[in-house]
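Structure, as C-alpha cells:
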Number of protein chains: 2
Amino acid sequence: MSMQQTAEGMTRPAGRPRSEKAEKAIIDATLDLLGEGIGVSELSIEAIAARAGVGKTTIYRRWSNKEDLVVDAMATLKPPIPLPQGASVRESLVTYLKVIAEESRHQRTRCIMNIALSDPDRHPRLAERFREVALEPRREIVRAILAKGIETGELRGDLDVDIAMAIISGAMMWQTKWVWPGEATEARLPERIVEEALKGFRQRAAEN
Amino acid sequence: MSMQQTAEGMTRPAGRPRSEKAEKAIIDATLDLLGEGIGVSELSIEAIAARAGVGKTTIYRRWSNKEDLVVDAMATLKPPIPLPQGASVRESLVTYLKVIAEESRHQRTRCIMNIALSDPDRHPRLAERFREVALEPRREIVRAILAKGIETGELRGDLDVDIAMAIISGAMMWQTKWVWPGEATEARLPERIVEEALKGFRQRAAEN
DNA sequence: TCGATACGCAACAGACTCGTTTCGCAATGC
DNA sequence: GCATTGCGAAACGAGTCTGTTGCGTATCGA
C-alpha cells in the first residue's frame, strides 16, 4: 500500500494529514471505471480524478504511476467466497458455480475480469496480482472440494485434480463468456456442468 | 468488404486503381499490431499507417472508421482447422486440442484473442465477427466429433453436447490462459483433458 | 496527350492525456 | 502565530491521435 502508516509509536509527520476519504474516493473511482469496461491501458488519471472529485495532484502525491494505483485498488477487493459445505461433491460444486455465476453479474467482479484480460505481457504485476486476489483463492476452493471427495471415496483416487479443476471452472467460464455472452446465464448451467463432469470424476464402484 | 469490386461488366472507374499491395499492407499491419497485444481501443490509424508504410490518407480513403478496418482484417483470417478424422473420439479430440495449442502460440491467433477479449459491449460488431470467424467454426468441429461419437455408440446417447463442448474447450482455455499463462503449454495437456472428460462422456457399457 | 484518380508525404487545427507546477485555502503540530 | 503538509483548481509544455487538406508524383482509360 502507498498509504503511510501511522503505527504505534511512529512520529506522525507534521502538517495536515492525508484525507482517507480522498483515498477511498480515488480507489472507488478506479474500480468503477474499470467495471464500466475501461481497460487498464485506456484508464486515465484525469478521468479517475474527475470521477473521484479530486485533484490530480492528490493522486500523483500518493501513487507514482497508474499501475501502482490499480494494484492497490485490487488489493481492496476481498473474495468473499466461503468453502461450500455441501453434503456431496456434486452439491458443493454446484453451490460454488452458482456463486461464481452470481458474482459475474456484479460490477466489481467485472472490473477484475477487465484487469485480468488486459495483456499480461504489458502489465505483469497486475496479472500476478489478479492471480493472488482472484484466481488462486477460487482455485483452492475447487481443489479442496475435490480433495475431500477423493478422501471420502466419492471421487476416483487417481483423479487428475488439476485437470478436473480446469474442467469445472473452464466450462463455466467458456459458456458464460463466449457462448452466452449477453444473455442472462441459464439458471441450470452449474448443475449441467457438474453433472457431466462428475460422471467422469466419480468412482465407478460407488454407484451409477 | 470496402474494396470496390470490378466485377464482370462493371465499368472500371477512371484514374489510377487502388493499390492492392497497400490494402494488404494495411491489413497486415493491423493484424500485426493487434497480435503484439495492442487492444482495439488503443489501436491508432497513425500507427497502422506507419507500420504499413502508407499514408493515413490511403487508409481513410478506404475505411471510414477503425472498427470497419478491423472487421475487414478479421475476415481475412481463415481458420484452417480441418475436421480431425481420428479413429476414435478420444483421438479426434486430442488432435483438435493439439491444433488449438499449436495455434495459440502464433501471433495471428493471439490477435484474434485480443480482439475477442476487448470489451464486447464497446465493440459489438467485432465481438459478433469474432464469433463468426473464430468461435463458431471451432465449436462446430467439436460438435461434429461428439455427434459422430454418439452415432457410433462410443458416447452416451443422453450426452449434454453443449456442455461437453464447453468442458473440452473451456478446460483447455482455462489452463492455458490462466493457470500456465507464460510457460510453454504442457505437451500432454490435451490428452489429460480428454482423458478426464471422456470418462464421463463414454458409454458405460462399452468398456472401462 | 489529357483528365481522373490513387499514391506517399507533410502540415494543419482540435482534442485529449500526461506529469508538473503554481495558486489560495484548510488542517494539523509546535 | 507559524511552519508544515494536504487539499482542489487551474494552467502549463510536451506528446499523441484524429480527420482533413495540399502537394508533387504515379498510373489508369480515353
Side-chain angles (χ1 to χ4, degrees), chain A residues 1-30 33-34 36 38-70 72 118 122-123, chain B residues 1-30 33-34 36-70 118 122-123:
Chain A
M1 296 285 284
S2 296
M3 283 196 68
Q4 38 185 331
Q5 313 289 348
T6 309
E8 207 68 28
M10 294 285 292
T11 55
R12 147 96 77 87
R16 175 176 175 175
R18 292 187 176 172
S19 159
E20 292 186 21
K21 204 171 108 188
E23 185 108 3
K24 185 166 174 12
I26 292 168
I27 288 185
D28 279 349
T30 303
L33 289 172
L34 287 172
E36 288 170 12
I38 310 276
V40 176
S41 308
E42 327 164 52
L43 190 63
S44 84
I45 302 288
E46 303 243 355
I48 296 172
R51 171 71 65 108
V54 146
K56 280 193 296 178
T57 330
T58 307
I59 298 182
Y60 282 115
R61 191 176 294 123
R62 295 163 198 248
W63 294 277
S64 54
N65 62 65
K66 195 165 54 184
E67 216 170 68
D68 283 348
L69 168 56
V70 177
D72 278 10
S118 299
R122 308 208 314 167
H123 304 283
Chain B
M1 296 285 282
S2 297
M3 284 197 64
Q4 38 185 335
Q5 312 288 347
T6 308
E8 207 68 30
M10 295 286 292
T11 53
R12 147 97 77 89
R16 175 177 176 174
R18 292 187 176 172
S19 159
E20 292 186 20
K21 203 171 106 188
E23 185 108 2
K24 186 168 175 4
I26 293 168
I27 287 184
D28 279 350
T30 303
L33 289 172
L34 287 172
E36 287 170 14
I38 310 276
V40 176
S41 308
E42 327 164 52
L43 191 62
S44 82
I45 302 288
E46 300 243 352
I48 296 173
R51 171 72 64 109
V54 147
K56 279 193 295 178
T57 330
T58 307
I59 298 181
Y60 282 114
R61 192 176 291 122
R62 296 163 198 251
W63 294 279
S64 55
N65 63 65
K66 196 165 53 183
E67 215 172 68
D68 283 350
L69 168 55
V70 178
S118 298
R122 308 207 313 167
H123 303 284

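Order of the sequence lines fixes the chain letters, A, B, ..., with proteins taken first and strands second; residue numbering starts at 1 for each chain. Not measured: the values here are computed from a predicted model.
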> When you check every protein heavy atom under 4.0 Å of nucleotides 19-28 of chain D, what one-letter string (B, S, -) results, 5' to 3'?
Replying inline: BBB----BBB
> Can you tell me if the side-chain N/O atoms of B/T58 get under 4.0 Å from OP1 or OP2 in C/dG8?
Replying inline: yes
> In whole Å, what is the span from the CZ atom of B/R51 to the P atom of D/dC17?
Replying inline: 13 Å
> Taking for each residue the nucleotide of DNA chain C bearing the nearest heavy atom, is the 5' side occupied by B/G55 or by A/S44?
Replying inline: B/G55
> Starting at CD of A/E23 and ending at P of D/dG8, how long is that distance when rounded to a whole Å?
Replying inline: 12 Å
>> Quick check for you: to the nearest 0.5 Å, what is the distance between A/I59 atom CD1 and A/K66 atom NZ?
In response: 11.5 Å
> To the nearest 0.5 Å, how far apart are OG in A/S44 and CG in A/L33?
Replying inline: 8.0 Å
>> C/dT5, OP1 or OP2 - any side-chain N/O from B/R18 closer than 4.0 Å?
In response: no
> Taking NZ from A/K21 and C1' from D/dG8, how many angstroms apart are they, rounded to a whole number?
Replying inline: 12 Å
> What's the spacing between B/T30 OG1 and B/I48 CD1 if we round to 0.5 Å?
Replying inline: 3.5 Å
Could you give the side-chain donor-acceptor pairs of residues 50-58 of chain B under 3.5 Å, partners two or more places apart or in another chain?
| unit_1 | atom_1 | unit_2 | atom_2 | d |
| --- | --- | --- | --- | --- |
| B/R51 | NH1 | B/E36 | OE2 | 3.1 |
| B/R51 | NH2 | B/E36 | OE1 | 3.2 |
| B/R51 | NH2 | B/E36 | OE2 | 3.1 |
| B/K56 | NZ | B/E46 | OE2 | 2.9 |

>> In this structure, how many angstroms lie between the C1' atom of D/dT5 and the CZ atom of A/R62, rounded?
In response: 12 Å
> For the atom pair CD (A/E67) and CG (A/L43), what is the distance rounded to the nearest 0.5 Å?
Replying inline: 11.5 Å
>> Between P on D/dG6 and CD1 on A/I59, what's the gap in Å once rounded to a whole number?
In response: 15 Å
> Can you check the B/R61 CZ to C/dG8 C1' distance for me, whole Å?
Replying inline: 10 Å
> What distance do B/D28 atom CG and B/E23 atom CD have between them, rounded to the nearest 0.5 Å?
Replying inline: 11.0 Å
